[in-house]
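Note that the structure is predicted; figures quoted are calculated from it, not measured. Letters A, B, ... are given to chains in the order of the sequence lines, protein chains preceding strands, and every chain is numbered from 1.
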Amino acid sequence: MVRTRFAPSPTGYMHIGNLRTALYAYLIAKSQRGAFILRIEDTDRERYMETAVSVIFSSLESAGLKWDEGPGVGGAYGPYTQSERMGEYVRWAEALVEKGMAYYCFCDKDRLKTSREQNAQSGYDGRCRSIDRNEAAERVKRGEPHVVRQLIPEGVSVFHDAVYGDITIDNAELEDQTLLKSDGMPTYNFANVIDDHLMNITHVVRGAEYLSSTPKYNLLYDAFGWRKPIYIHLPHILDEAGEKLSKRDGSASFQDLLDMGFLPEAVLNYIALLGWSPRENKEFFTLDELVEAFDINGLSKAPAIFDAVKLKWMNGEYIKKMPPEVFYALARPYLENTVTREGVDLKTLAEMMRTRVEFVKDCAEPLDFIDRLPDYSAELYRHKKMKTDEKNSLISLESVVAELEAIDDWSENAVHEALITLAEKLGVKNGRILWPARVALSGKQSTPCGATEILALLGKEESLRRLKIGVDKLRVCP
RNA sequence: GGCCCGUUGGUCAAGUGGUUAAGACACGGCCCUUUCACGGCUGUAACAGGGGUUCGAGUCCCCUACGGGUCACCA
């Protein structure tokens, strides 16, 4: 059975690239009816943030990525938080020392620094390799500060990556990396291998930054005689400048995106397509559809640039596809805040806005004229295509007022009918009547609905009041 | 700098030796239309450069350029 894992480190917010890694790990597992595991890699005590753990949970939850095993849900391979698995790491590190594939190192920070300076190419010079095994054990027992290092043998490492193909790296490029830190905690590289093996992970899905250190992992698997997983490295997501996506872009974290008003489904859909493309030429996917369509062959090798403009478009598309009740439920708080006029149906307004917004939160501002007529300039009456100006608008408005004052039935159909026949009577195009009316009623350059809808919305009394204000405004125009 | 990886329109991308080199976003035009949107139609725009291999190369090989990654007691 395919088993993948998402193994974040709780050191801050959920980067969008991380979320995409989680998504792909999830899809790879689920598309094969496998299991998706969540493991918390909290071995860095200095960078650890308690709140970051809940950020991970809530991000995955709002993205809909349910983990089959992990914190909160348990599983046969727990615990799933590395700080609770310390015994394993120490035990296996010692086993490695026994096998002669790792050794105790007593070099302190200063010594490491000078070693690197002299030995810039290959990092640590391996001085402690030559310490006698018994002597080293003795020094450890005495409590001398030490780390455990992996012994990298000479030779050449070759491995296969499902995305990048065969990769060859000379072991001379690899350093004798630290496995166990002096505080007794394992490094990421070590704990990762131990847990992936112990948790029976079959496919390791992670960012491309691990590509060049993969041979170190494989050397560890080999040293233990363990079966190596299938590697799936993912290209990075970059910002508009082609640099690593950072907080500065204001869109680096999933949470930021949600706070900005993006819908989780839209974000997930968008990032799924950043670095992967389906066989079929299709771009709207629910999570289940992604599971259905996902194929490792569609993963790309080149980094992708995060395009907020396209995400916005996609968010708008999701809004357009929403059932009216769903959109209304989301829009209602904003609408209630802006439109309080009696008799106005907010549901109708919500439907008006559906096709006009990319964010739910933008649904109210265009409707602010309903409560109060804004102070507007008479220049608004000038419109080239409608062939209107201050002069003929005055004439139009005066006749509109006269026509509407006489009307008793104030339904949308009735007022529309009245204005159309008025235009006919005057022998002008509809626009000559309707543009000035809309301006007088709304005081805005553009509105999400036309003059007749606004009339119906405002009611007779308020409509006529506004139309008369328009007439007055135009009368004083030179 | 060494090593690893990458490079198709501004962006996401299809393309697996023979295509008029898809599609989407963005941008422009037209249509619809009582404004703004929506919707429909349409246009501009790409194989980083140079050498090979081949009857034939975006697709295979080499070099160059550019970009990214990595070289921690961080993950």
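- A:Phe159 places its CZ atom 11 Å from the P atom of B:C4, with the value rounded to the nearest Å.
- The salt bridge (Lys or Arg N to Asp or Glu O under 4.0 Å) pairs that include a residue from residues 346-360 of chain A are A:Glu351-A:Arg354, where partners are two or more places apart or lie in different chains.
- Taking atom P on both nucleotides, B:G58 is separated from B:G39 by 37 Å, rounded to a whole Å.
- Of the residues in residues 382-390 of chain A, those lying under 4.0 Å from RNA chain B by heavy-atom distance are A:Lys385, A:Met386.
- Taking the C1' atoms as reference points, B:G50 lies 47 Å from B:C73, given to the whole Å.
- Salt-bridge annotation for A:Lys310 and A:Glu283: present, with a side-chain N of the basic residue lying under 4.0 Å from a carboxylate O of the acidic one.
- Of the candidates A:Met86, A:Arg85, A:Glu41, A:Glu88, A:Met86 is the only one forming a side-chain contact (heavy atoms from CB on, under 4.5 Å) with A:Pro186.
- One can place NE2 of A:His160 at 13 Å from P of B:C5, the figure rounded to the nearest angstrom.
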Could you go through nucleotides 58-65 of chain B and list every protein N or O atom that sits under 3.5 Å from one of its N or O atoms, giving the distance for each pair?
none

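- Ring centers of A:Phe57 and A:Trp67: under 6.0 Å apart, within the cut-off.
- Between A:Tyr381 and A:Tyr376 the shortest side-chain heavy-atom distance falls below 4.5 Å.
- When each of A:Lys216 and A:Arg438 is assigned the nucleotide of RNA chain B bearing its nearest heavy atom, the one mapping closer to the 5' terminus is A:Arg438.
- Pair check for B:U7 finds B:A65; Watson-Crick or G-U wobble, both atom distances under 3.5 Å.
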Check the pair A:Asn189 / A:Tyr210 against side chain to side chain donor-acceptor pair (under 3.5 Å), numbers first and verdict last. CA-CA 10 Å; A:Asn189 294 301; A:Tyr210 295 107; over 6 Å; no
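- Under the side-chain hydrogen bond (donor to acceptor under 3.5 Å, both in side chains) criterion, A:Ser83 pairs with A:Asp42, not counting sequence neighbours.
- Across all their heavy atoms, A:Tyr103 and A:Val97 have their closest contact at N-CG2, 4.3 Å.
- Aromatic ring centres of A:Trp276 and A:Phe294: separated by under 6.0 Å.
- Here the nucleotide nearest the side chain of A:Leu211, chosen from B:U34, B:C36, B:C5, is B:C5.
- Of all nucleotides present, only B:G43 satisfies the Watson-Crick or G-U wobble test against B:C27, with each distance under 3.5 Å.
- Using bins of under 30°, 30° to 60° and over 60° for the plane-to-plane angle, the ring pair A:Tyr231/A:His233 lands in the parallel bin.
- We find that CD1 of A:Ile237 is positioned 22 Å from P of B:C5, with the value rounded to whole Å.
- For A:Lys228, the side-chain hydrogen bond (donor to acceptor under 3.5 Å, both in side chains) partners at least two apart in sequence or on another chain are A:Asp222.
- B:U19 sits 23 Å from B:A24 when the P atoms are compared, rounded to a whole Å.
- Separating the CD1 atom of A:Ile319 from the C1' atom of B:C38 is a distance of 13 Å, rounded to the nearest angstrom.
- By the 4.5 Å heavy-atom criterion applied to side chains, A:Thr187 and A:Val147 are not counted as neighbours.
- Taking the charged nitrogens against the carboxylate oxygens, A:Arg127 and A:Asp176 have no contact shorter than 4.0 Å, which rules out a salt bridge.
- The separation of B:C27 from B:U44, taken at their C1' atoms, amounts to 9 Å, rounded to a whole angstrom.
- B:A13 and B:C31: their P atoms are spaced 36 Å apart (whole Å).
- Distance alone, capped at 3.5 Å, places no donor-acceptor pair between the A:Gln150 side chain and the A:Gln177 backbone.
- Remark on RNA chain B: of its neighbouring residues A:Glu283 and A:Glu412, the 5'-side contact belongs to A:Glu283, judged by nearest-heavy-atom nucleotide.
- With a cut-off of 3.5 Å on both Watson-Crick or G-U wobble distances, the partner of B:G2 is given as B:U70.
- Residue pairs meeting the salt bridge (Lys or Arg N to Asp or Glu O under 4.0 Å) criterion with at least one member in residues 384-401 of chain A, sequence neighbours excluded: A:Arg382-A:Glu390, A:Glu398-A:Arg475.
- Pairs engaging residues 418-430 of chain A under the side chain to side chain donor-acceptor pair (under 3.5 Å) rule: A:Glu403-A:Lys425 [sequence neighbours left out].
- A gap of 30 Å separates the C1' atoms of B:U16 and B:A26, to the nearest Å.
- As rounded to whole Å, 15 Å separates atom P of B:U33 from atom CD of A:Glu453.
- For the C1' atoms, the distance linking B:U34 with B:G29 amounts to 23 Å, nearest Å.
- In this structure, A:Leu238 atom CG and B:G6 atom C1' are separated by 11 Å, rounded to whole Å.
- With both pairing distances under 3.5 Å, B:A21 is matched to nothing as a Watson-Crick or G-U wobble pair.
- The CD-C1' distance, from A:Glu424 to B:U34, rounds to 15 Å in whole Å.
- Every residue two or more places apart in sequence or in another chain that forms a side chain to side chain contact (heavy atoms under 4.5 Å, CB included) with A:Glu462 is listed here: A:Arg341, A:Leu458, A:Arg465, A:Arg466.
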Could you write out each protein N or O paired with an N or O of nucleotides 9-15 of chain B at a distance under 3.5 Å?
| residue | atom | partner | partner atom | Å |
| --- | --- | --- | --- | --- |
| B:C12 | OP1 | A:Ile305 | N | 3.1 |
| B:C12 | O2' | A:Leu273 | O | 3.2 |
| B:A13 | OP1 | A:Gly275 | N | 2.4 |
| B:A13 | O3' | A:Ser277 | OG | 3.4 |
| B:A14 | OP1 | A:Ser277 | OG | 2.9 |

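- B:C74 and B:G15: their P atoms are spaced 42 Å apart (whole Å).
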Could you run down the sub-3.5 Å N/O contacts of the protein with nucleotides 73-75 of chain B?
| residue | atom | partner | partner atom | Å |
| --- | --- | --- | --- | --- |
| B:C73 | OP2 | A:Arg116 | NH2 | 3.4 |
| B:C73 | OP2 | A:Arg149 | NH2 | 3.4 |
| B:C73 | O2 | A:Ser182 | N | 2.8 |
| B:C73 | O2 | A:Ser182 | OG | 2.7 |
| B:C73 | N3 | A:Ser182 | OG | 3.1 |
| B:C73 | N4 | A:Cys107 | O | 3.4 |
| B:C74 | OP2 | A:Lys181 | NZ | 2.9 |
| B:C74 | O2' | A:Asp44 | OD2 | 2.7 |
| B:C74 | O2' | A:Arg47 | NE | 3.4 |
| B:C74 | O2' | A:Arg47 | NH2 | 3.1 |
| B:A75 | OP1 | A:Thr43 | OG1 | 3.0 |
| B:A75 | OP1 | A:Asp44 | N | 3.4 |
| B:A75 | OP1 | A:Lys181 | NZ | 2.7 |
| B:A75 | OP2 | A:Tyr188 | N | 3.0 |
| B:A75 | N3 | A:Tyr210 | OH | 2.9 |

Taking only N/O atoms, report every protein-nucleotides 19-22 of chain B pair under 3.5 Å with atom names and distance.
none

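- Checked against side-chain hydrogen bond (donor to acceptor under 3.5 Å, both in side chains), A:Lys312 has no partners two or more places apart in sequence or in another chain.
- For the pair A:Met185 CE and B:A72 C1', the interatomic distance rounds to 17 Å; values are reported in whole Å.
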